[in-house]
Amino acid sequence: MAYSELDTTGLPREDRFAWWQEAVGQGVAPIRITSDHAADFVARAGFLPLGPVHLTTMSFPSLASERPAELVRRSDPETYELTLILGGEMRVAQERRETSLAAGDFAMWTSSRPYSGRAVSSPESGASRAVILHLPQALVPLPQDRVKPLLARGLSARSGLGRILAQYLESLVQEAPALDDEATGRLGTTSLDLATGFLAQQVGAQERLPPETRHQVLLAAIDTFIEDNLADPRLSPGAIAARHHISVRLLHQLFRGRPETVSARIRRRRLERCHEDLAAPWLRYLPVHAIGARWGLTAPAGFSRAFRAAYGISPGERRNVSSRSLASSDGVHAEPTFPALSANDRCAGSGRD
């Protein structure tokens, strides 16, 4: 398993803060940290190597950090630290620029220049939580003078490519304990592509990206568009291509390296959402056919056939099994589990549209 997680609560109180300082120095870059909570420092850190890049997750109380010039001269991993704020409030200063950040913001700084930061936890903002993607400067295909205006500046993770990147990083954190070395290498390449695509977009330098990176960024945008529009019965390869200003032919070419077609992906994700909703007690008031329509499958007979082809039971049977399980008062009879659809599942009428 590639992922490792460390928690200060497993250490004596007097050792916790010193351990945190050392862990951050090794996992990020040598840095000075002070905190009013040093006497009983409760924090967690997770580390995930991703081939060409690394990912760090952190949760910690209020603190101040500083990386002065002397520490930069002593050791410099030459990385850009692209940070997604998940909780708390933070301030970052570098290159005579200072910015305030909150959950839903990206910020970036470089290990090669002095910087300082402050994190504040409160009942209103919650604990300070962040995900840091460590990007080797040599692998970012943008001149440093183009990247410099992005340092210590708030970048939104709430929309567009920022949202796509944020969702991707959060999914990596969620799945990190189950990832093996082979998977992390592939995911690291995708992480690098999405991050550099995001940075290039911020400075209008998309032309500096290699074709593979541009294709990866486009695929990520298409995947997000599909997820956001599963409920729309008009979602189709043609609609997706039009939204992203490409031809349907190019769309299908982009999916050739994947184990399913565009139409098959739409169908699979719709059926997976229906599978979940049929087990939801708060949706039992909806007729079975309405569950299908809720996710863009508006033809009841077609929905039933596709569902049975995917799961081996009808939508009504899925709901009945779930209902019997919920009605069990002793908790002994667990609901049977049905496998999620794989990328190779072929539902009724599958094929390229």
Using 0.5 Å steps for rounding, measure from the [atom1] atom of [X] to the [atom2] atom of [Y].
X: E272; Y: L230; atom1: CD; atom2: CG; value: 9.5 Å
X: E276; Y: I291; atom1: CD; atom2: CD1; value: 11.5 Å
X: Q206; Y: L142; atom1: CD; atom2: CG; value: 9.5 Å
X: F41; Y: D36; atom1: CZ; atom2: CG; value: 10.5 Å
X: L169; Y: L194; atom1: CG; atom2: CG; value: 8.0 Å
X: L297; Y: R270; atom1: CG; atom2: CZ; value: 5.5 Å

- Are L209 and L135 linked, directly or through other ILVMFWY residues, by side chains that come within less than 4.5 angstrom of each other?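 No; L135 is not reachable from L209 via cluster members.
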
- Query: Is there a path of hydrophobic side-chain contacts, each under 4.5 Å between heavy atoms of I, L, V, M, F, W or Y residues, that connects V120 with W20?
  - Reply: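 As far as the 4.5 Å side-chain criterion goes, W20 and V120 are not connected within one cluster.
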
- For D193 against V217, the heavy-atom pair lying closest together: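 Here D193 and V217 meet closest at O-CG2, 3.6 Å.
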
- Tightest non-hydrogen contact, residues V288 and P315, listed as CG1-CB, 3.3 Å

- Message: Please enumerate all residues that pass side-chain contact (heavy atoms from CB on, under 4.5 Å) together with P210, with sequence neighbours excluded.
- Response: P141, E212, T213

Can you find a pair of side-chain heavy atoms, one from [X] and one from [Y], that are under 4.5 Å apart?
X: V248; Y: L250; value: no
X: T8; Y: F17; value: no
X: Y80; Y: L150; value: no
X: L82; Y: W109; value: no
X: I222; Y: L218; value: yes
X: R91; Y: T99; value: no
X: V147; Y: V203; value: no

- Using atom types as modelled and distance alone, determine if a side-chain donor or acceptor of H244 lies under 3.5 Å from a backbone N or O of I240. yes

- Message: Determine whether a donor-acceptor pair (N or O, by modelled atom type, separation under 3.5 Å) exists between the side chain of R273 and the backbone of W295.
- Response: no

Identify every side-chain donor-acceptor pair in residues 43-61 under 3.5 Å, counting partners at least two apart or on other chains, and give the distances.
from	atom 1	to	atom 2	distance (Å)
T56	OG1	H134	NE2	2.7
T57	OG1	G46	N	3.2

- Task: Indicate whether any N or O donor in one side chain lies under 3.5 Å from an N or O acceptor in the other, for Q94 and T110.
- Result: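 No, T110 and Q94 have no side-chain donor paired with an acceptor closer than 3.5 Å.
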
- Item | Side-chain H-bond candidate by donor/acceptor type, S304 with S314, under 3.5 Å | no

- Message: For Y311 together with H275, are the ring centres under 6.0 Å from each other?
- Response: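 Under 6.0 Å, so yes.
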
- Is the number of heavy atoms from other residues, nucleotides or ligands within 6.0 Å of CZ (R118) greater than 12?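 At most 12 heavy atoms, drawn from other residues, nucleotides or ligands, come within 6.0 Å of this atom.
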
Validation: residues 64-72 side-chain donor-acceptor distances under 3.5 Å, sequence neighbours left out:
from	atom 1	to	atom 2	distance (Å)
R67	NE	S111	O	3.0
R67	NH1	P30	O	2.8
R67	NH2	S75	O	2.6
R67	NH2	S111	O	3.0
E70	OE1	R32	NH2	3.3
E70	OE2	R32	NH2	2.6

- Answer yes when D105 and R158 have at least one side-chain N-carboxylate O distance shorter than 4.0 Å, and no when they do not. yes

- Query: Can R258 and D223 be counted as an ion pair, charged N to O under 4.0 angstrom?
  - Reply: yes

